[in-house]
Amino acid sequence: MSDALINGLSGAGGGIIAQLITYPLQTVNTRQQTERDLKEKKRKLGTIQEMCQVVKHEGWGRLYGGLTPSLVGTAASQGVYYYFYQIFRNKAEAASLERMKKGVGDGSVGMLTSLWVAALSGCVNVLLTNPIWVVVTRMQTHTKTSKKIQPDQSQMLSVDPNETILAASELPPYGTNHVIQEVFDEAGVWGFWKGVFPTLFMVSNPSIQFMLYETMLKKLKKRRALNRKGDNGVTAVEIFLLGALAKLGATVVTYPLLVVKSRLQAKQVSTGDKRHHYKGTLDAVLKMIRYEGFYGFYKGMSTKIVQSVLAAAVLFMVKEELVKGARFLLTKDARAVKSKPL
């Protein structure tokens, strides 16, 4: 099994576990990002309070709305990303070694090269998996609401006039197939690539994340090797903390792009107030600045930081453990084969 495949599968496994743990936070955050409060009233509810409100009015299930396509998207995204990341990095390392043989450099991959490797991997990932995240965003921002109606004249004999009837506004189940059909009816095939431009710019997030992560990991291993006479092993807890710090730095820088992407991928308002309807990335940015101010670009940022840092830390920790386990099993199998008598 190739090293790229091991990293790809391990990344997918780590991504799924991180997604399961942090999904309610992600749902609340997506709703915060797509909230279009034009009266400039800042939300007073905290993340936990908003989660409780969702449970109270819509049920526990809404915190996990879109979980199935999200897990598929997470596995696909992490698998694709780590697979191509390892391929591009292997090529970069080979190129660095060739330069070292010619007397240029020390044979290690530099920070700028790591940035480019992560960016290329991110672009491939975005172009292949964007349709999945359009569906997920729609399902996360879909709310179950009820409206009150008065009984008609034919019901007056059997119903108290003062009594109101609750009519659910969500009659059909809002499942994956329903969302796919809705997106296609609205914008055709290209509707599944809504928000792709800000998402492509957002590849700087994992680029910054991996640049910070690998830089800190390299320094930690170097220091550990000096202190322990060649032993540069890193524990799962240290990987957890490094992943958290790296994701925190990347999230703060790229959050406004994430808000714009969520606005574009959520269901657009085609009638009524045109300030709620975005024709494209530039239109969304200009309308947000005009009607909501720069605060609109940072809605739900505290929730996102908690969710992203926790998810990234779990992802890195689980991925590294899975990679170690896979390599150990492969090495063990290889030794067993060699030890068999001919």
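Only this structure's heavy atoms are used, side chains among them; waters, hydrogens and symmetry mates stay out. Everything numeric in this text was worked out from a predicted model, so none of it was measured.
- When only modelled atom types and interatomic distance are considered, Q33 and N29 share a side-chain donor-acceptor pair under 3.5 Å.
- Across every non-hydrogen atom of G66 and V136, the tightest pair is O-CG2, 4.1 Å.
- When every heavy atom of T141 is checked against every heavy atom of A266, the shortest pair comes out as OG1-CB, 4.1 Å.
- Applying the side chain to side chain contact (heavy atoms under 4.5 Å, CB included) test to P256 and every residue at least two apart in sequence or in another chain returns F297, Y298.
- Applying the salt bridge (Lys or Arg N to Asp or Glu O under 4.0 Å) criterion to K56, with sequence neighbours excluded, gives no partner residue.
- Judged purely by atom type and a 3.5 angstrom limit, Y64 has no side-chain atom pairing as donor or acceptor with the backbone of T27.
- Considering only residues two or more places apart in sequence or on other chains, V183 meets the side chain to side chain contact (heavy atoms under 4.5 Å, CB included) condition with V134, R138, V179, F192.
- Residues satisfying the side chain to side chain contact (heavy atoms under 4.5 Å, CB included) test with V55, not counting sequence neighbours, are W60, L63.
- Panel note: side chain Q265, backbone K194; a donor-acceptor pair is recorded below 3.5 Å.
- In this structure, NZ on K222 lies 9.5 Å from NZ on K219, to the nearest 0.5 angstrom.
- Using a 4.5 Å cut-off on side-chain heavy atoms (C-beta onward), R224 and E238 make contact.
- For R327, the salt bridge (Lys or Arg N to Asp or Glu O under 4.0 Å) partners at least two apart in sequence or on another chain are D3.
- For the salt bridge (Lys or Arg N to Asp or Glu O under 4.0 Å) test, no residue two or more places apart in sequence or in another chain qualifies with K279.
- When side chains are defined from C-beta on, L264 counts as touching P198, because their heavy atoms get closer than 4.5 Å.
- No more than 12 heavy-atom neighbours from other residues, nucleotides or ligands sit within 6.0 angstrom of OH on Y83.
- Taken from CE in M51 to CG in L25, the straight-line distance is 5.5 Å, to the nearest 0.5 Å.
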I'd like to know whether T281 forms a side chain to side chain contact (heavy atoms under 4.5 Å, CB included) with V260, so could you lay out the CA-CA distance, the side-chain angles of the two residues, the decisive distance to 0.1 Å, and finally the verdict. CA-CA 7 Å; T281 302; V260 174; 4.2 Å; yes
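- Rounding to the nearest 0.5 Å places CD of E320 at 11.5 Å from OG1 of T235.
- Atom CE of residue M202 and atom SG of residue C123 lie 12.5 Å apart, to the nearest 0.5 angstrom.
- Atom NZ of K91 has 12 or fewer neighbouring heavy atoms from other residues, nucleotides or ligands inside a 6.0 Å radius.
- Connection of Y213 to F88 is established within a shared hydrophobic cluster, with ILVMFWY side chains joined at heavy-atom distances below 4.5 Å, either directly or through further cluster members.
- V117 approaches R89 most closely through the heavy-atom pair CG1-N, 3.8 Å.
- Atom OG of S302 and atom CD of Q32 lie 6.5 Å apart (nearest 0.5 Å).
- No path of Ile, Leu, Val, Met, Phe, Trp and Tyr side chains, each step under 4.5 Å between heavy atoms, connects Y23 with L315, placing them in separate hydrophobic clusters.
- Side-chain atoms of N90 come within 3.5 Å of backbone atoms of Q86 as a donor-acceptor pair (strictly under, hydrogens ignored).
- I48 and I305 are members of different hydrophobic clusters when ILVMFWY side chains are connected at heavy-atom separations under 4.5 Å.
- Expressed to the nearest 0.5 Å, how far OG1 of T199 lies from CG of L127 amounts to 10.0 Å.
- A 4.5 Å side-chain heavy-atom check between L212 and L245 finds every atom pair outside the cut-off.
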Could you go step by step and tell me if E98 and K102 meet the salt bridge (charged side-chain N to carboxylate O under 4.0 Å, His left out) rule? CA-CA 7 Å; E98 287 296 324; K102 297 178 181 179; 5.6 Å; no
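- Without hydrogens or angle criteria, Y255 side chain to K299 main chain gives a donor-acceptor distance under 3.5 Å.
- The shortest distance between side-chain heavy atoms of Q19 and Q26 falls below 4.5 Å.
- Between F197 and L257, the closest side-chain pair of non-hydrogen atoms is not below 4.5 Å.
- Side-chain contact check for Q209 versus F316: some heavy-atom pair is nearer than 4.5 Å.
- The aromatic rings of Y85 and Y81 lie parallel to each other, with less than 30° between the two planes, well short of the 60° mark.
- Side-chain contact of W133 with S77: a donor-acceptor pair under 3.5 Å is present, judged by distance alone.
- Residues I16 and A75 approach most closely at CD1-CB, 3.8 Å, considering heavy atoms.
- Taking the charged nitrogens against the carboxylate oxygens, E214 and K218 have no contact shorter than 4.0 Å, which rules out a salt bridge.
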Show the numbers, then the answer: is there a salt bridge (charged side-chain N to carboxylate O under 4.0 Å, His left out) between R31 and E58? CA-CA 14 Å; R31 292 189 177 201; E58 303 177 51; 2.8 Å; yes
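- Contact of the T22 side chain with the V306 side chain is not registered, since no non-hydrogen atoms from C-beta on lie closer than 4.5 Å.
- For the pair A311 and A18, the tightest heavy-atom approach, listed with the atom from each and the gap, is O-CB, 3.3 Å.
- I180 is connected to V196 through a chain of hydrophobic side-chain contacts under 4.5 Å among Ile, Leu, Val, Met, Phe, Trp and Tyr, so both are in one cluster.
- When all heavy atoms are compared, the tightest approach of G14 to V318 is CA-CG1, 3.6 Å.
- A heavy-atom distance below 4.5 Å is found between the side chains of M288 and V259.
- When hydrophobic clusters are built by joining Ile, Leu, Val, Met, Phe, Trp and Tyr residues whose side-chain heavy atoms come closer than 4.5 Å, directly or via intermediates, I87 is grouped together with L128.
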